[in-house]
Amino acid sequence: MTNHQDDQETDVTSGATVWLTGLPSAGKTTIAYELAGRLRAEGQQVEVLDGDEIREFISAGLGFSREDRHTNVQRIGFVAELLARNGVKVLVPVIAPYADSRDAVRKRHEANGTTYLEIHVATPVEVCSVRDVKGLYAKQAAGELTGLTGVDDPYEEPEAPDLRIESQNQTVQESAAAVHSLLTERGLA
C-alpha cells in the first residue's frame, strides 16, 4: 500500500541553491543575508556561502585569471550542491562572471536532482562604482587594481536567470522579498 500524503505536501524542507550573480557592490551579499534571516525565522536551514569567505578558506591561493575564477566557482558549486541535497537552502552571493562556469554548476545540480536558481542582481556598473563597498572601483580608477569584473575584466550577464533584480530601484528588503516570492512560487519556502 502506498502512502500518498507525502505527494501532497510542499517541499519546504528540501534544499536548494540560490546563486546571486552580479557585479562587485551590486548588493548580492546584502540581499543574501537579508533573505537568510527571513528563511531562518521561518524555521528553515540556511547557509550563506560568501565569496570572500570562500576565497579565504576554500580557495586560498587562487588568483583572478579566468581559469582560477572557474575553479573557484566550481568549488563553491560543489559545496552548495552538497549542502542543498541535504536539505539546506544555500544562498551564494558570488560574482561568477562567466556563463560557462555558472552553467557547469547548474548541470552538477541537475545531475543530482538538486534545485538550482540563478538570480541576476543587475545593478548597473555606474551604481556599483558609487556604492564601492570594498573600494575596488576607486583602486581600479587609481590604477592600483586591474581585472575588476565589469570594468576591465568581463562579466557575462545571465541570458535567462530565474529572477532579475535591479537593486538600485528597490530596498534590500524588497529585493529579498522578490527572491523569497520565487522560492514560495517553486514550493521551496
Side-chain angles (χ1 to χ4, degrees), residues 11 14-33 35-36 39 44-123 125 128 134 136 146-167 175 178-179 182-183 185-189:
D11 214 4
S14 76
T17 295
V18 180
W19 198 292
L20 296 98
T21 179
L23 297 174
S25 297
K28 302 175 300 298
T29 302
T30 306
I31 294 166
Y33 279 108
L35 178 60
L39 292 169
Q44 298 204 40
Q45 290 185 72
V46 181
E47 287 296 335
V48 177
L49 298 183
D50 181 279
D52 292 335
E53 291 175 359
I54 296 292
R55 280 239 175 228
E56 182 179 350
F57 296 107
I58 295 176
S59 292
L62 288 180
F64 291 91
S65 68
R66 183 179 179 110
E67 183 180 321
D68 282 357
R69 288 176 191 250
H70 179 77
T71 299
N72 185 48
V73 168
Q74 297 316 296
R75 288 177 182 176
I76 296 167
F78 174 81
V79 173
E81 195 282 324
L82 182 65
L83 288 167
R85 95 167 90 122
N86 283 286
V88 178
K89 299 292 184 308
V90 186
L91 309 179
V92 185
V94 173
I95 296 168
Y98 300 109
D100 61 344
S101 295
R102 295 189 305 266
D103 290 343
V105 171
R106 181 184 294 276
K107 286 178 183 158
R108 168 180 288 285
H109 281 70
E110 288 171 355
N112 289 302
T114 307
T115 300
Y116 176 87
L117 300 172
E118 185 175 76
I119 312 301
H120 181 203
V121 183
T123 310
V125 70
C128 294
K134 300 174 192 166
L136 299 175
T146 59
L148 181 59
T149 302
V151 177
D152 61 350
D153 211 50
Y155 177 73
E156 299 170 357
E157 289 192 6
E159 290 181 16
D162 294 282
L163 178 65
R164 191 176 314 277
I165 293 174
E166 295 182 359
S167 71
S175 294
V179 181
L182 176 64
L183 289 170
E185 184 181 294
R186 303 282 173 96
L188 297 163

### Query
Hey, mind stepping through Leu183 and Leu117 against side-chain contact (heavy atoms from CB on, under 4.5 Å) and telling me if it holds?
CA-CA 9 Å; Leu183 289 170; Leu117 300 172; 3.6 Å; yes

### Task
Check the pair Glu81 / Val105 against side-chain contact (heavy atoms from CB on, under 4.5 Å), numbers first and verdict last.
CA-CA 8 Å; Glu81 195 282 324; Val105 171; over 6 Å; no

### Query
Could you walk me through whether Thr123 and Ser167 pass the side-chain hydrogen bond (donor to acceptor under 3.5 Å, both in side chains) check?
CA-CA 6 Å; Thr123 310; Ser167 71; 2.6 Å; yes

### Task
Start with the C-alpha distance between Ile54 and Val94, add both sets of side-chain angles, then the distance that settles side-chain contact (heavy atoms from CB on, under 4.5 Å), and finish with yes or no.
CA-CA 10 Å; Ile54 296 292; Val94 173; 5.7 Å; no

### Message
Glu47 vs Val79, test: side-chain contact (heavy atoms from CB on, under 4.5 Å). Steps then yes/no.
### Response
CA-CA 11 Å; Glu47 287 296 335; Val79 173; over 6 Å; no

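The two atoms that bring Lys134 and Ser25 nearest to each other are N-OG, 4.4 Å, heavy atoms only. Here the shortest heavy-atom pairing between Leu91 and Ala32 reads CD1-O, 3.2 Å. In terms of heavy-atom proximity, Val92 sits nearest to Ala80 at CG2-CB, 4.1 Å. Residues Thr21 and Ala96 come closest through the heavy atom pair OG1-O, 3.7 Å. Between His120 and Gly22, the shortest heavy-atom distance links the atoms CD2-CA, 4.4 Å. When every heavy atom of Leu136 is checked against every heavy atom of Pro24, the shortest pair comes out as CD1-CB, 4.3 Å.
Side chain of Asp162 to main chain of Glu118: a donor-acceptor pair is present (N/O by atom type, distance under 3.5 Å, no hydrogens or angles). Remark: the backbone N or O of Leu23 is paired with a side-chain donor or acceptor of Lys28 at under 3.5 angstrom. A distance-only check finds a donor-acceptor pair linking the side chain of Asp152 to the backbone of Gly147 [under 3.5 Å]. A donor-acceptor distance shorter than 3.5 angstrom exists from the side chain of Glu156 to the backbone of Ala99, with no hydrogens or angles considered.
In this structure, Lys107 NZ and Asn112 CG are separated by 14.5 Å, a value rounded to the nearest 0.5 Å. One distance of note links CG of Leu83 with CZ of Phe78; it measures 10.0 Å at 0.5 Å rounding. With rounding to the nearest 0.5 Å, the separation of CG in Leu35 from CG in Leu20 is 7.5 Å. Between the CZ atom in Arg164 and the CD1 atom in Ile119 there is a gap of 10.5 Å [rounded to 0.5 Å].
No side-chain heavy atom of Arg69 sits under 4.5 Å from any side-chain heavy atom of Ser101. Between Ser14 and Leu188, some side-chain heavy-atom pair lies under the 4.5 Å cut-off.
For residues 90-117, every residue pair satisfying the ring pair (Phe, Tyr, Trp, His ring centres under 6.0 Å) rule, not counting sequence neighbours, is listed here: His109-Tyr116.
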I'd like a table of donor-acceptor pairs (distance under 3.5 Å, sequence neighbours excluded) in which one partner is a side-chain atom from residues 57-67, with atom names and distances.
{"residue": "Ser59", "atom": "OG", "partner": "Asn72", "partner atom": "OD1", "Å": "2.7"}
{"residue": "Ser65", "atom": "OG", "partner": "Asp68", "partner atom": "N", "Å": "3.1"}
{"residue": "Arg66", "atom": "NH2", "partner": "Asp100", "partner atom": "OD1", "Å": "3.2"}
{"residue": "Arg66", "atom": "NH2", "partner": "Asp100", "partner atom": "OD2", "Å": "3.3"}

